[in-house]
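Below is one structure, written out as structure tokens; the observations come after it.
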Amino acid sequence: MPNCLILNGHPFTPSFSGAIAGRYAETLAGQGINLRRLDLADMTLPEHTIRKAGDEVMHGDVLAFWEAMVWADHVVIIHPLWWGSMPAKLKALFDIGLQSGRAYRYRDGRPLPLGLLKGRSARLIVTSDTPNFFMALAYGNAHFRTMKNQILKFVGLNPVRISHFSTMRDSTPERRDTFLRRTAEVAAADAQRLLRHSRKTTPA
């Protein structure tokens, strides 16, 4: 069966991101897919929060994150939109854990790197107070494009599918239930894609 990493990238608990992670996991578990879940709120990162050299030794929760990335066939990242981007702790995890020489490497004479995590797909789920139309028209979906092209595809994950749940501010329980139902729907669709791909790549 395929493997799926679910990263709840909200730095606090409890959170609605955690509820989304739970619903996504529940849906995939029902399809028999192997799961690992990491919750950023429970993770301890080193004091340095800047990118280190590619030979930096990984420890603890950073190592667990990296090993889960390598293990996964599909990576799900869930986080709130804060100040037009991801929470700082999630960015720090990427800075430290997606090292040059491990997650990607540059090749002589070529301007773009080789993503070393290729062969994996991804789902990004973002919650925000910004309506979808305003995110597109006023901000040009800037964060979505950054996450898709400059982080996930940069290290080889492809395709990357995006779900945006808004607005969260003053959302009713009924509205949040709608978001959770949509989570289950996209999770079911992702599961079917994973299973079809697994059947195609499994030797007869």
ask   = Less than 4.5 Å apart, any side-chain heavy atom of R123 and any of S163?
value = yes
message = Contact between L5 and V76 at the side-chain level, heavy atoms closer than 4.5 Å - yes or no?
response = no
query = With a 4.0 Å cut-off, would you call D177 and R181 a salt bridge?
reply = no
inquiry  = Could you tell me if the side chain of R120 sits less than 4.5 Å from the side chain of V70, heavy atoms only?
reply    = yes
ask   = Can you tell me how far the CG atom of N3 sits from the CG atom of N34, to the nearest 0.5 Å?
value = 5.0 Å
inquiry  = Going by side-chain contact (heavy atoms from CB on, under 4.5 Å), R161 matches just one of V186, I125, D190. Which one?
reply    = D190
task = Establish, yes or no, whether the cationic atom of R182 lies under 6.0 Å from the six-membered ring centre of F165 and within 45° of the ring axis.
result = no
ask   = Is there a side-chain contact between Q31 and M1, using heavy atoms and a 4.5 Å cut-off?
value = no
note = On a heavy-atom basis, the closest approach of A21 and I78 is CA-CD1, 3.5 Å
request  = Walk me through it: do R37 and D39 pass the test salt bridge (Lys or Arg N to Asp or Glu O under 4.0 Å)?
outcome  = CA-CA 7 Å; R37 173 173 167 173; D39 289 272; 2.9 Å; yes
ask   = Can you tell me if R176 and S171 form a side-chain donor-acceptor pair at under 3.5 Å?
value = yes
remark   = For P2 and I33 the tightest heavy-atom approach is O-CG2, 3.3 Å
ask   = Does the side chain of F65 come within less than 4.5 Å of L38's, by heavy atoms?
value = yes
inquiry  = Could you check whether any side-chain heavy atom of M69 comes within less than 4.5 Å of a side-chain heavy atom of R102, counting everything from C-beta outward?
reply    = no
query = Hey, what's the ring geometry for H143 with H79, parallel, tilted or perpendicular (30° and 60° as the breaks)?
reply = perpendicular
ask   = Can M135 be reached from F133 by stepping across I, L, V, M, F, W or Y side chains whose heavy atoms are under 4.5 Å apart?
value = yes
query = Backbone N or O of L81 within a donor-acceptor pair of the S85 side chain at under 3.5 Å?
reply = no
message = Quick check: is L117 connected to L63 through a chain of hydrophobic side chains (ILVMFWY, heavy atoms under 4.5 Å apart)?
response = yes
message = I'd like to know if the side chain of K148 and the backbone of K153 have a donor-acceptor N/O pair within less than 3.5 Å.
response = no
message = Rounded at 0.5 Å granularity, tell me how far CD1 in I77 sits from CG in L90.
response = 7.0 Å
ask   = What distance do Y104 atom OH and F154 atom CZ have between them, rounded to the nearest 0.5 Å?
value = 5.5 Å
CZ/R107: more than 12 non-hydrogen atoms of other groups inside 6.0 Å = yes
Y106 atom OH, neighbour heavy-atom count above 12 within 6.0 Å = yes
ask   = So, for F12 and W82, is the gap between ring centers shorter than 6.0 Å?
value = yes
inquiry  = Counting C-beta onward and ignoring hydrogens, is there a side-chain heavy-atom pair between T130 and S166 closer than 4.5 Å?
reply    = no
